[in-house]
Amino acid sequence: MSAGKNWKFELEEYIKQSEPGQIEKSEAWQTAIGLQAVDGLKTSEYLLDTAKEHIEGKISIDEAQKRIQNYYEQRTDRIEIENGTKEADIVSTRIAKLLGEKAFQFSPAEWVTIHRRLFEGVFSHAGQIRQWIFGRYIPSAKVIPDQLQFL
């Protein structure tokens, strides 16, 4: 995302001035984009514009996901900086959708499901548990929940 737009500031405005549904959506988007930033990934300005439309109720989260997917599938004249935003944009929309769901629990099975849902089509190993932890091989039958790591 260019230096001209500060995604956190723009989404924070919805929390300060909006109805409860918009506040929850804005918080979900802030979390989704923030998680990408923690990994050193940047999202596109197109994602921010799409997130705002979702927060304002103009489009559904499913429509937001379709827009982002289509944005990267249909454009062949990518500039280099946009190529670096694809993963962050796709995963951000998936995180925002996941955070908007009411049924959510933290369990080993749910962690695998979340990893698959977030990274399916982005990484070939989406939803798979690592067989290697800290440089040593661990047979999958002996992996215990507090040792779960994803590829």
Side-chain angles (χ1 to χ4, degrees), residues 1-131 140 143 145-151:
M1 189 173 297
S2 74
K5 284 195 176 183
N6 181 329
W7 63 266
K8 189 169 184 169
F9 174 77
E10 290 194 38
L11 295 179
E12 189 73 27
E13 288 300 308
Y14 289 101
I15 293 173
K16 293 178 184 175
Q17 303 176 16
S18 299
E19 300 172 8
Q22 289 181 323
I23 292 169
E24 290 172 357
K25 289 177 186 177
S26 181
E27 288 173 342
W29 280 106
Q30 284 187 26
T31 301
I33 295 169
L35 286 170
Q36 299 310 300
V38 166
D39 279 346
L41 301 173
K42 295 184 188 286
T43 55
S44 69
E45 290 187 24
Y46 185 73
L47 176 83
L48 180 59
D49 293 339
T50 302
K52 288 181 187 177
E53 287 190 51
H54 173 246
I55 293 166
E56 293 168 2
K58 295 177 181 174
I59 61 172
S60 69
I61 190 64
D62 291 329
E63 180 62 27
Q65 283 187 302
K66 286 178 191 171
R67 282 186 181 187
I68 295 300
Q69 193 68 38
N70 289 339
Y71 177 73
Y72 287 100
E73 286 176 0
Q74 293 176 357
R75 299 226 9 221
T76 56
D77 58 336
R78 286 272 153 247
I79 57 174
E80 189 172 320
I81 196 160
E82 283 182 307
N83 287 332
T85 62
K86 180 178 179 180
E87 175 189 338
D89 285 2
I90 291 171
V91 175
S92 289
T93 58
R94 292 175 182 176
I95 291 171
K97 181 174 182 171
L98 183 68
L99 293 174
E101 294 175 355
K102 301 302 176 201
F104 190 77
Q105 66 177 5
F106 284 107
S107 69
E110 187 69 16
W111 295 338
V112 171
T113 300
I114 290 168
H115 191 268
R116 181 187 46 77
R117 288 179 60 192
L118 294 180
F119 298 108
E120 190 170 49
V122 177
F123 299 120
S124 62
H125 54 270
Q128 296 178 15
I129 297 173
R130 290 182 184 189
Q131 299 295 316
S140 60
V143 172
D146 67 336
Q147 293 179 324
L148 286 179
Q149 294 183 17
F150 295 99
L151 294 171

Partners of Arg67 by salt bridge (Lys or Arg N to Asp or Glu O under 4.0 Å), sequence neighbours excluded?
Glu53, Glu63
Test item: Thr50 and Asp89 side chains (from C-beta on) under 4.5 Å apart, heavy atoms:
no
Is there a side-chain contact between Asp62 and Lys97 in this structure, where contact means two heavy atoms from C-beta onward sitting under 4.5 Å apart?
yes
Regarding Gln65 and Gln69, do their side chains bring together a donor and an acceptor under 3.5 Å, going by distance alone?
no
Which atom of Ala28 lies closest to which atom of Leu99, heavy atoms considered
O-CD1, 3.8 Å
Separation between CD (Glu110) and CD1 (Ile114), nearest 0.5 Å, reads 4.5 Å
Looking only at heavy atoms, the pair that brings Leu118 and Val91 closest together is O-CG2, 3.5 Å
Taking C-beta and beyond as the side chain, do Glu87 and Asp39 meet within less than 4.5 Å on heavy atoms?
no
Got a sec, which residues hit side-chain contact (heavy atoms from CB on, under 4.5 Å) with Ala88, two or more places apart in sequence or on another chain?
Gln36, Leu41, Thr43
When every non-hydrogen atom of Ala32 is compared with those of Ser92, the smallest separation belongs to CB-O, 3.3 Å
What distance do Ile68 atom CD1 and Arg94 atom CZ have between them, rounded to the nearest 0.5 Å?
11.5 Å
Return the set of residues passing salt bridge (Lys or Arg N to Asp or Glu O under 4.0 Å) with Glu120 (not counting sequence neighbours), or none when no residue passes.
none
In chain order, what residues pass the salt bridge (Lys or Arg N to Asp or Glu O under 4.0 Å) check against Arg117, with sequence neighbours excluded?
Glu101
Trp29 side chain reached by Thr93 side chain, heavy atoms, under 4.5 Å
yes
Checking Tyr46 now: which residues fulfil ring pair (Phe, Tyr, Trp, His ring centres under 6.0 Å) with it, not counting sequence neighbours?
Tyr71
Any side-chain heavy atom of Leu47 within less than 4.5 Å of one from Thr85?
no
Measuring from atom CD of Glu73 to atom NZ of Lys86, what distance do you get when rounded to the nearest 0.5 angstrom?
7.5 Å
State which residues pass salt bridge (Lys or Arg N to Asp or Glu O under 4.0 Å) with Lys58; sequence neighbours excluded, sorted by chain then number.
Glu56
